[in-house]
Amino acid sequence: SYLADQTGLASITVRATDPAGAFVEDTFTVTVNHVNEPPVVINPIADVAVNENASDTLVDLANVFDDADLGIGDVLTLTVAGNSNPAMVTTDLIGDQLTLSYALNQYGSADITIRATDISGAWVEDVFAVTVNHIAGQLQVRINLSTGSMTLANIDPLGGLPINYN
């Protein structure tokens with residue numbers, strides 16, 4: 001019988017012996033060829049949650065995927081295979097480092113799909129969620145003591161720019 005996940009050559013000798021002790025032998029070689037093992041997800045990517053107008057998030061993908069064939073010359077190539085909300089979050093993948101960049105004043109959710117493909121074309125994907133939480137502006141009441149006028153201002157949390165209501 002064959003052992004799991006083993007490859008190589010084996011010489012097998014078969015001997016037939018009669019009751020008088022005479023025998024004949026024949027030797028043949030059995031070759032077990034390598035079969036490509038597809039990549040697998042070993043550490044799923046954690047979901048990401050940030051507040052609206054957050055700085056970029058760096059996601060390290062180095063330990064997410066594995067392939068049993070990496071020790072014999074196989075290589076995994078990572079790609080972004082899907083983004084359900086590119087208007088809210090964009091992706092930039094260099095090697096195994098994924099940068100998530102968030103659009104200003106956008107919030108909601110997105111599913112990001114990362115694909116690992118080996119040199120034989122076998123692949124696996126991992127999907128993770130990105131949630132951008134809405135942060136409401138701050139309402140301020142401004143009173144000009146010299147004139148007695150009052151202004152309501154909605155302060156944008158990103159840059160502190162007032163949106164005035166007179």
Side-chain angles (χ1 to χ4, degrees), residues 1-14 26-140 153-163:
S1 67
Y2 300 100
L3 297 175
D5 297 323
Q6 300 296 310
T7 61
L9 302 173
S11 293
I12 299 176
T13 301
V14 178
D26 188 24
T27 300
F28 61 94
T29 301
V30 172
T31 303
V32 177
N33 293 319
H34 171 72
V35 175
N36 183 54
E37 300 291 333
V40 294
V41 175
I42 57 171
N43 293 305
I45 305 165
D47 292 342
V48 174
V50 298
N51 290 331
E52 184 178 354
N53 301 322
S55 299
D56 292 356
T57 301
L58 183 64
V59 180
D60 186 359
L61 303 175
N63 296 314
V64 173
F65 303 98
D66 195 16
D67 190 318
D69 301 327
L70 291 176
I72 58 171
D74 206 352
V75 175
L76 293 180
T77 301
L78 303 181
T79 55
V80 177
N83 178 351
S84 67
N85 194 349
M88 182 190 75
V89 59
T90 58
T91 59
D92 184 26
L93 179 60
I94 299 175
D96 56 14
Q97 300 298 305
L98 174 67
T99 302
L100 302 174
S101 300
Y102 309 102
L104 293 177
N105 302 317
Q106 297 295 310
Y107 56 92
S109 62
D111 289 328
I112 307 294
T113 304
I114 304 298
R115 178 179 289 182
T117 307
D118 69 14
I119 58 176
S120 296
W123 54 269
V124 66
E125 293 178 338
D126 190 26
V127 179
F128 67 100
V130 175
T131 302
V132 177
N133 300 310
H134 176 61
I135 302 297
Q138 301 169 342
L139 187 62
Q140 292 183 352
N154 185 9
I155 304 298
D156 175 44
L158 174 65
L161 302 174
I163 302 169

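Note that this is a predicted model, so its numbers are computed, not measured.
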Applying ring pair (Phe, Tyr, Trp, His ring centres under 6.0 Å), which residue pairs with at least one partner in residues 43-86 are found, sequence neighbours left out? none
Residue pair [X] / [Y]: nearest heavy atoms and the distance that separates them:
| X | Y | value |
| --- | --- | --- |
| H34 | D69 | CE1-OD1, 2.8 Å |
| G73 | I119 | O-CD1, 3.9 Å |
| P38 | D118 | CA-OD2, 4.2 Å |
| N53 | A103 | OD1-O, 4.2 Å |
| P39 | A116 | CG-O, 3.5 Å |
| A62 | D96 | CB-OD2, 3.2 Å |

Does any part of the side chain of [Y], heavy atoms only, come nearer than 4.5 Å to the side chain of [X], both counted from C-beta?
| X | Y | value |
| --- | --- | --- |
| I94 | D92 | yes |
| V130 | L100 | yes |
| Y107 | T131 | no |
| Q6 | V32 | no |
| L76 | L70 | yes |
| L58 | L98 | no |
| L78 | L93 | yes |
| F28 | V14 | yes |

Short side-chain donor-acceptor distance under 3.5 Å, [Y] and [X]:
| X | Y | answer |
| --- | --- | --- |
| D60 | Q97 | yes |
| N51 | H134 | no |
| T91 | N83 | no |

Pair V89-V132, side chain to side chain contact (heavy atoms under 4.5 Å, CB included): steps then yes or no: CA-CA 9 Å; V89 59; V132 177; 5.6 Å; no
Mind checking the [atom1]-[atom2] spacing from [X] to [Y]? Nearest 0.5 Å is all I need.
| X | Y | atom1 | atom2 | result |
| --- | --- | --- | --- | --- |
| D67 | D74 | CG | CG | 4.5 Å |
| N33 | L9 | CG | CG | 8.5 Å |
| I42 | D66 | CD1 | CG | 4.5 Å |
| I72 | T7 | CD1 | OG1 | 6.5 Å |

Step by step, would you call T117 with T77 a side-chain hydrogen bond (donor to acceptor under 3.5 Å, both in side chains)? CA-CA 5 Å; T117 307; T77 301; over 6 Å; no
What do the steps show when you test T57 against Y102 for side-chain hydrogen bond (donor to acceptor under 3.5 Å, both in side chains), and what is the final call? CA-CA 9 Å; T57 301; Y102 309 102; 2.7 Å; yes
Scan the side chains in residues 121-129 for donor-acceptor partners under 3.5 Å anywhere in the protein, sequence neighbours excluded, and list what turns up.
| residue | atom | partner | partner atom | Å |
| --- | --- | --- | --- | --- |
| E125 | OE2 | R115 | NE | 2.8 |
| E125 | OE2 | R115 | NH2 | 2.5 |
| D126 | OD2 | I45 | N | 2.6 |

Assess whether side chain to side chain contact (heavy atoms under 4.5 Å, CB included) is satisfied between L61 and I114, documenting all intermediate values. CA-CA 9 Å; L61 303 175; I114 304 298; 3.9 Å; yes
Any sub-3.5 Å donor-acceptor pair from N36's side-chain atoms to S120's backbone N or O?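 Flag not set: sc N36 to bb S120 has no pair under 3.5 Å.
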